[in-house]
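First comes the structure, then the notes that go with it.
The structure displayed is predicted, hence computed values, not measured ones.
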Amino acid sequence: MATIRIKRTSEYNNRIRDYKIFVDGQQVGTIANGETKDFPTTVGQHIVTAKIDWCSSPNISIELKENQTSNLKVGGFKYGQILMQ
């Protein structure tokens, strides 16, 4: 088993709305303003995306090994996209 850990920044706009988190095109959960959350997943290559309304982050490709945790940060809008790194 592997883990994707996502930290969402605290932002004034959108503070009452959750981002939807997708792994390989499937929604795996949501993340609230200022929250850090773990999403267990399988070992291997994955595509991670965050969405809110019509805006989404770029697709982030990660490779996970057994017992590995990948840390991502998401938040803010720039040019109509959510930033994820």
field: Distance in Å, Glu35 CD paired with Lys7 NZ, rounded so as to fall on 0.5 Å steps
entry: 10.0 Å
message: When you measure from the side chain of Asn33 to the backbone of Ile16, do you find a donor-acceptor pair of N or O atoms at a distance under 3.5 Å?
response: no
task: Grab the two heavy atoms, one from Phe22 and one from Gln27, that are nearest each other, plus how far apart they are.
output: CD2-N, 3.4 Å
- prompt: Which atoms form the tightest heavy-atom contact between Met1 and Glu66, and what is the distance?
  reply: N-OE2, 2.6 Å
field: Euclidean distance, Lys20 NZ relative to Ser56 OG, rounded to 0.5 Å
entry: 12.0 Å
Worked verdict on Ile6 versus Lys37 for side-chain contact (heavy atoms from CB on, under 4.5 Å): CA-CA 5 Å; Ile6 300 178; Lys37 202 173 219 185; 5.7 Å; no
message: Tell me the closest heavy-atom pair linking Thr9 and Gly75, and the distance in Å.
response: OG1-CA, 3.4 Å
query: Nearest 0.5 Å, what's the CD1-CD1 distance between Ile60 and Ile47?
result: 9.0 Å
- line: To the nearest 0.5 Å, atom CD1 of Ile52 lies from atom CD1 of Ile31 at 12.0 Å
- prompt: What pairs with Asp53 under side-chain hydrogen bond (donor to acceptor under 3.5 Å, both in side chains), at least two apart in sequence or on another chain?
  reply: Arg17
query: At what distance, to the nearest 0.5 angstrom, does OG1 of Thr36 lie from CG of Leu72?
result: 11.5 Å
- prompt: Looking only at heavy atoms, what is the nearest atom pair of Arg15 and Glu11, with distance?
  reply: CB-O, 3.2 Å
message: Working to the nearest 0.5 angstrom, can you tell me the gap between Gln68 CD and Ile4 CD1?
response: 10.0 Å
List the atom pairs, donor and acceptor, that lie under 3.5 Å between side-chain atoms in residues 38-45 and the rest of the protein, sequence neighbours left out.
residue, atom, partner, partner atom, Å
Asp38, OD1, Arg5, NE, 2.7
Asp38, OD2, Arg5, NH2, 3.1
Thr42, OG1, His46, NE2, 3.4
Gln45, NE2, Ser61, OG, 2.3

